[in-house]
There are 2 protein chains.
Amino acid sequence: MPSARRPHAVTITDVAREAGVAVSTVSRALTNPDRVNVVTREHVQQVAARLGYRASPAARALGTGRTATLALVLPDITNPYFAGLIRGAERQAEATGHILVIGDSEENARAEARMVERLAPGVDGFLLGSSRLTDARILQFDAAMPVVLVNRRVPAVTSVSPDQQGGTRQIVEHLVALGHRRAIFLAGPPESWLGRQRWAGISSAAKKHGLKVKRLGPYHPSVEGGLLAGEAALADGATAVIAHNDLMAIGALKRMKARGVSVPGDVSIVGFDDIFGADFCDPPLTTLSDRTEQAGRSAVDLLVALVREQARLEHDAPADIVAPTQLVVRGSTGPAPAPPLPTTPGSS
Amino acid sequence: MPSARRPHAVTITDVAREAGVAVSTVSRALTNPDRVNVVTREHVQQVAARLGYRASPAARALGTGRTATLALVLPDITNPYFAGLIRGAERQAEATGHILVIGDSEENARAEARMVERLAPGVDGFLLGSSRLTDARILQFDAAMPVVLVNRRVPAVTSVSPDQQGGTRQIVEHLVALGHRRAIFLAGPPESWLGRQRWAGISSAAKKHGLKVKRLGPYHPSVEGGLLAGEAALADGATAVIAHNDLMAIGALKRMKARGVSVPGDVSIVGFDDIFGADFCDPPLTTLSDRTEQAGRSAVDLLVALVREQARLEHDAPADIVAPTQLVVRGSTGPAPAPPLPTTPGSS
DNA sequence: TTGAAAGCGTTACCAG
DNA sequence: CTGGTAACGCTTTCAA
């Protein structure tokens with residue numbers, strides 16, 4: 001009794017037999033058309049089409065060592081911020097003849113490393129989005145296989161990241177222009193490189209402009225985290241709040257609303273990412289926008305190039321794309337409120 | 001000069017040599033542990049671990065005909081509604097030892113079919129989410145490989161779908177209780193089974209409750225589509241609007257706001273899906289909620305079972321999970337406004 | 001330009 | 001319980 005496996009529908013051998021040529025000729029006619037006589041080639045191609053032949057990816061991978069599959073690993077698939085990245089990556093993967101597999105690390109470095117190791121044998125390379133891994137671990141993976149970082153930069157590793165320096169400067173200048181003198185930065189996970197860049201950029205720009213900024217956190221980079229963070233921000237009493245990302249900003253917004261605090265009357269809020277919803281929350285969110293779909297496409301292109309280079313044992317200098325960011329000013333930021341009369345010290 | 005392929009790091013042969021046993025024994029020790037003597041097994045496993053052995057998915061797939069890979073195809077990866085489905089599917093895929101590949105059909109039946117055909121040779125089965133294909137095409141795919149439908153039912157095909165009949169009843173009763181007498185349904189794509197169910201359920205419940213409902217559309221199931229749809233709804237003058245999904249509802253909401261129409265003062269709006277953002281738009285959206293992450297998990301479980309059945313040539317009756325839905329009442333629905341004094345006919 | 005045949009890494013069958 | 005050895009389907013030398 002034959003084993004109950006699903007046989008690969010129609011194989012190259014079927015095509016070869018039907019076309020009256022050797023399998024090697026079929027292989028060539030289909031993958032290296034120029035290495036085959038025109039009439040042979042067309043004949044083979046027709047037969048293949050007629051029979052509905054589809055090459056077995058497994059067999060091809062076994063022979064070539066390449067799977068035509070790319071992996072995209074993210075800390076939180078449900079964060080709308082990543083939707084654009086996923087779509088961009090998926091489209092470009094398809095355009096370059098690749099399949100995209102997806103992995104969620106749940107904001108967890110260990111899970112991310114496990115995911116990479118689990119996926120590694122079956123893919124040609126990795127797109128690591130907002131990786132929570134250490135630089136050392138990333139370098140280690142990068143040494144073993146093609147890796148492109150998105151939203152992260154590590155020396156000597158190919159990457160695509162949004163310009164945080166310019167972005168944070170825009171934010172700070174916007175707030176200063178509105179008369180704010182004290183701001184709070186609600187920090188996300190310490191593992192977030194983008195978060196660290198944001199804090200660094202804000203601190204530096206703030207110093208330059210005489211804005212006092214205090215960092216609170218870390219908080220989980222979600223609406224729930226923003227709820228907590230918003231509470232803490234309220235207690236501090238700054239007139240401007242810069243959240244690690246829009247999810248947190250929206251959470252903070254919710255909390256302000258619940259507490260009867262007017263945004264932007266009493267406090268202004270700024271986020272990062274310009275995610276779905278940032279334009280229709282109440283008030284709409286002022287936020288730093290970047291083109292995630294484009295980043296996804298670029299990242300795939302870079303990764304595909306890396307895979308090819310590896311196959312040829314060549315090595316270009318790693319590319320480092322820094323994509324522009326743009327502050328989208330909406331209703332959540334406004335002029336700083338007039339400072340309250342200072343309470344006499346000791347009168348409490 | 002050796003070809004520049006990436007060799008599969010450490011193979012079963014390496015392990016066999018190092019452990020002093022045959023490759024077949026290694027294979028068994030690792031995949032059918034009970035078919036091997038305890039001490040041999042443990043020895044082999046240790047050696048494999050020490051060498052960092054990872055089976056080649058390609059080689060395994062070639063031999064067994066199974067890839068341990070599942071595909072999830074969706075009409076729009078960026079619709080937040082699908083985020084939960086993606087996450088649920090991804091988690092359960094991981095839990096069952098599978099890899100999840102993702103495909104976006106861009107609301108296009110032809111693209112969806114192409115995607116399925118493109119992915120088919122490399123996966124064990126398909127999760128078709130909100131498929132835009134015809135029943136006939138789905139049956140055709142289902143005959144050729146394991147398929148689980150999500151958000152769609154087709155006779156004899158395994159599926160997981162939210163209870164639209166109960167859901168639409170809840171919506172209609174809610175509106176009727178608020179005193180609405182005329183409503184508009186803003187339709188999505190005709191290819192959407194869920195959309196057709198929604199219209200059917202609403203019509204039927206409306207008739208029962210004496211609510212007049214008119215259908216407008218079809219519109220693209222996006223915020224942009226909702227903008228257009230909202231305009232049309234305004235022109236019609238009904239007091240309640242039921243949108244194909246939350247994306248459209250939010251678009252309609254935006255348009256109302258822009259037109260100075262009060263929601264829910266002048267018109268109430270109801271959506272479907274309870275997506276991210278439905279709770280913080282202005283006003284928050286009354287919408288029919290379903291558990292997408294759970295649906296994703298269930299769908300993967302069903303698909304894995306199908307794959308196993310196929311391998312054993314067994315065939316259970318196809319499962320049809322209908323998951324409960326729940327109306328989440330928020331600020332976008334309220335009492336119907338008092339009817340305006342009827343204008344005298346002919347006085348225009 | 002084409003054919004024959006040697007892998008690629010696993011699994012599964014068949015002996016022993 | 002274990003070893004040897006065909007497959008699995010394709011690519012890629014190597015010859016002709």
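All chains are named by letter (A, B, ...) in the order of the sequence lines, taking the proteins before the strands, and each is independently numbered beginning at 1.
Between the CG atom of B:L62 and the P atom of C:dG7 there is a distance of 17 Å, rounded to whole Å. As a whole-Å value, the separation of A:R35 CZ from C:dT1 C1' is 11 Å. Regarding A:R17, its CZ atom lies at a distance of 17 Å from the C1' atom of C:dG3, rounded to whole Å. Between the C1' atom of C:dC8 and the CZ atom of A:R66 lies a distance of 15 Å, rounded to the nearest Å. Atom-to-atom, CG of A:N32 to C1' of C:dT2 comes out at 14 Å; the value is rounded to the nearest Å. Rounding to whole angstrom units, CD1 of residue A:I12 and P of C:dA4 are separated by 14 Å. Atom CZ in A:R60 sits roughly 13 Å away from atom C1' in D:dT12 (whole-Å rounding). Across the protein-nucleic acid pair, A:L30 atom CG and D:dT12 atom P stand 13 Å apart, rounded to whole Å.
The side chain of A:S56 lies closest to D:dG9, out of D:dG4, C:dT10, D:dG9. Of the candidate nucleotides C:dT1, C:dA12, D:dG3, C:dA12 has the atom lying nearest to any side-chain atom of B:T64.
Looking at heavy-atom distances under 4.0 Å, A:S24 makes contact with a base. At the heavy-atom level, A:V21 lies under 4.0 Å from the strands shown only through sugar-phosphate atoms. Residue A:S27 is in base contact, counting any heavy-atom pair closer than 4.0 Å across all strands shown.
Between B:E293 and B:R91, at least one side-chain nitrogen of the basic residue sits less than 4.0 Å from a carboxylate oxygen of the acidic one, meeting the salt-bridge criterion. For A:E18 and A:R50, the salt-bridge test passes: some basic side-chain N is under 4.0 Å from an acidic carboxylate O. The existence of a salt bridge linking B:R152 and B:E112 is excluded, since no basic side-chain nitrogen approaches an acidic carboxylate oxygen closer than 4.0 Å.
Of the side-chain N and O atoms in B:T25, none sit less than 4.0 angstrom from OP1 or OP2 of D:dT2. At least one side-chain nitrogen or oxygen of B:T40 sits closer than 4.0 Å to the OP1 or OP2 atom of D:dT2.
Taking for each of B:V39 and B:A59 the nucleotide of DNA chain D with the nearest heavy atom, the 5'-most of the two is the partner of B:V39.
Of the N and O atoms on the side chains of A:Q92 and A:T96, not one donor lies less than 3.5 Å from an acceptor on the other residue.
When A:L74, A:L127, A:N79, A:V160 are each tested for a side chain to side chain contact (heavy atoms under 4.5 Å, CB included) with A:L85, only one passes: A:L74.
Residue-to-nucleotide contacts include a donor-acceptor pair under 3.5 Å from the side chain of B:R28 to the base of D:dG3.
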